[in-house]
Amino acid sequence: MSSAGKEYGTIVGLLFNHAREQCRIKRALDPRWYRPVTPPLPVERRSVSEGAFSVGVPNGWRDLTSDELLSQSALAKAHIALGVCLTTPDPRLGCLATNFTVVDSGPGSAGPDAQMMFVELEQTVQARVQALPDFSSYGAPWRIGLDGERTFVHHMIGSAPGDRFGVEQRVALMMADVCVVHGTTLYIGMFSSPTETYESYLPQLWTMLGSWRWLAHHQ
């Protein structure tokens, strides 16, 4: 084959690979993969996050107090924009152990390529698990829509130091990561509960996610 023929073949190959990659990206970002969740429980009230969004809260949950938000922010090492928890303590631990908090990573935290995390979802989830050494993946991530925004929910299983709950031994926990980009901001929701009760409280999580609403004036 002549050099001109080889060069033509290389160009065709590059164009084919580019077209295939664009097709893969388009498919991963297809809105049909990101369906809204239907809340399985009635919404008792709405909890508003600093003018950014609100979630519908089912019966039996309350907003975290200012001190509790500060404590959760210290644990997450990030700004907690919204936090709710069960009103009744865990029967085995004698304290409030089931909560849902949302980290606001700040304006500009989602760059122009932020949506690529939904294209490379396996790598995104793997990086998140590596950042939480006491937890491991529990099933494949779910793609959903949060009031029109692409979102994934990923369940994890692990444990936390007992001093967070007033006991000596480590406490077995499960957690759901909820990652969504709105405007230029990355939000990370964290729903956690002791392993024994986690599954029973999932309807509450899906109710909050299904009733999530972005506030119109927030960009």
Side-chain angles (χ1 to χ4, degrees), residues 24-41 43 46-58 61 72 76 78-84 98-132 135 137-157 174-193 198-199 201-219:
R24 185 178 75 93
I25 293 173
K26 183 178 179 180
R27 184 175 184 276
L29 298 181
D30 190 325
R32 289 174 294 182
W33 287 105
Y34 303 91
R35 301 288 191 183
V37 175
T38 300
L41 299 174
V43 170
R46 300 198 70 81
S47 182
V48 180
S49 165
E50 304 174 347
F53 62 91
S54 69
V55 298
V57 183
W61 289 69
Q72 289 292 326
H79 173 58
I80 300 294
L82 178 143
V84 293
T98 299
N99 58 64
F100 178 57
T101 57
V102 181
V103 169
D104 177 345
S105 301
S109 55
D113 298 326
Q115 295 296 328
M116 287 299 292
M117 74 177 179
F118 299 104
V119 178
E120 308 295 347
L121 195 50
E122 289 185 7
Q123 292 90 324
T124 301
V125 166
Q126 184 179 13
R128 177 61 174 162
V129 173
Q130 289 176 344
L132 299 169
F135 285 83
S137 244
Y138 191 81
W142 291 50
R143 299 172 189 259
I144 66 169
L146 279 191
D147 198 21
E149 298 285 19
R150 297 182 187 93
T151 307
F152 74 81
V153 181
H154 174 233
H155 301 281
M156 293 180 283
I157 187 167
M174 290 190 69
M175 181 168 69
D177 251 5
V178 181
C179 293
V180 57
V181 173
H182 184 63
T184 62
T185 302
L186 169 66
Y187 295 91
I188 302 176
M190 294 171 287
F191 177 83
S192 64
S193 184
Y198 183 81
E199 186 174 353
Y201 291 127
L202 285 180
Q204 279 90 337
L205 170 63
W206 294 120
T207 296
M208 289 185 272
L209 297 182
S211 59
W212 185 299
R213 297 293 180 267
W214 301 105
L215 302 184
H217 66 273
H218 181 68
Q219 299 297 323

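Small disclaimer: the values here were computed from a predicted structure and weren't measured.
- When all heavy atoms of R35 and R32 are compared, the closest pair comes out as NE-O, 3.4 Å.
- Using a 4.5 Å heavy-atom threshold, the side chains of T98 and Q204 count as separate.
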Begin from the C-alpha positions of S211 and R46 and carry the test side chain to side chain contact (heavy atoms under 4.5 Å, CB included) through to its verdict.
-> CA-CA 9 Å; S211 59; R46 300 198 70 81; 4.1 Å; yes
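- Atom CD of Q126 sits about 12.0 Å away from atom CD of E120, to the nearest 0.5 Å.
- Looking only at side-chain heavy atoms (C-beta outward), D104 and S49 stay at 4.5 Å or farther from each other.
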Steps toward side chain to side chain contact (heavy atoms under 4.5 Å, CB included) verdict (V102, M208) | CA-CA 12 Å; V102 181; M208 289 185 272; over 6 Å; no
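- A donor-acceptor pair under 3.5 Å links the side-chain atoms of T184 to the main chain of G108, judged by distance alone.
- When all heavy atoms of G183 and E149 are compared, the closest pair comes out as N-OE2, 4.2 Å.
- Minimum interatomic distance between V43 and G56 (heavy atoms only, all atoms of both residues): CG1-CA, 3.5 Å.
- Relative orientation of the W206 and W142 rings is tilted, given thresholds of 30° and 60° on the angle between their planes.
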Begin from the C-alpha positions of M116 and I25 and carry the test side chain to side chain contact (heavy atoms under 4.5 Å, CB included) through to its verdict.
-> CA-CA 8 Å; M116 287 299 292; I25 293 173; 4.2 Å; yes
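- Counting non-hydrogen atoms of other residues, nucleotides and ligands closer than 6.0 Å to CZ of R27 gives a total of 12 or fewer.
- Between the OG atom in S193 and the CE atom in M175 there is a gap of 12.5 Å [rounded to 0.5 Å].
- In this structure W61 satisfies the ring pair (Phe, Tyr, Trp, His ring centres under 6.0 Å) test with no other residue, sequence neighbours excluded.
- In this structure F152 satisfies the ring pair (Phe, Tyr, Trp, His ring centres under 6.0 Å) test with no other residue, sequence neighbours excluded.
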List the steps and the verdict of side chain to side chain contact (heavy atoms under 4.5 Å, CB included) for V181 and M117.
-> CA-CA 10 Å; V181 173; M117 74 177 179; 3.8 Å; yes
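- Side chain of S192 to backbone of M190: no donor-acceptor contact under 3.5 angstrom is found.
- Here the options are D147, L82, L146, the test is side chain to side chain contact (heavy atoms under 4.5 Å, CB included), and the partner is F53; only L82 passes.
- Rounding to the nearest 0.5 Å places OH of Y201 at 15.0 Å from CE of M174.
- Interatomic distance, D177 CG to F191 CZ, rounded to the nearest 0.5 Å: 13.0 Å.
- Atom CZ of R143 and atom CG of L121 lie 5.0 Å apart (nearest 0.5 Å).
- A salt bridge (charged side-chain N to carboxylate O under 4.0 Å, His left out) check over residues 105-118, counting only residues at least two apart or in different chains, returns nothing.
- A donor-acceptor pair is defined here as one N or O able to donate and one able to accept, closer than 3.5 Å; such a pair exists between the side chain of R150 and the backbone of L29.
- Side-chain atoms of T151 and L209, non-hydrogen and from C-beta on, never get closer than 4.5 Å to each other.
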Does the pair Y187 and W212 meet the rule for a ring-ring contact (aromatic ring centres under 6.0 Å, His included), with working shown?
-> CA-CA 13 Å; Y187 295 91; W212 185 299; 7.0 Å; no
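- With T207 contributing its side chain and L41 its backbone, the two residues share a donor-acceptor pair below 3.5 Å.
- E199 CD: 12 or fewer foreign heavy atoms inside a 6.0 Å radius.
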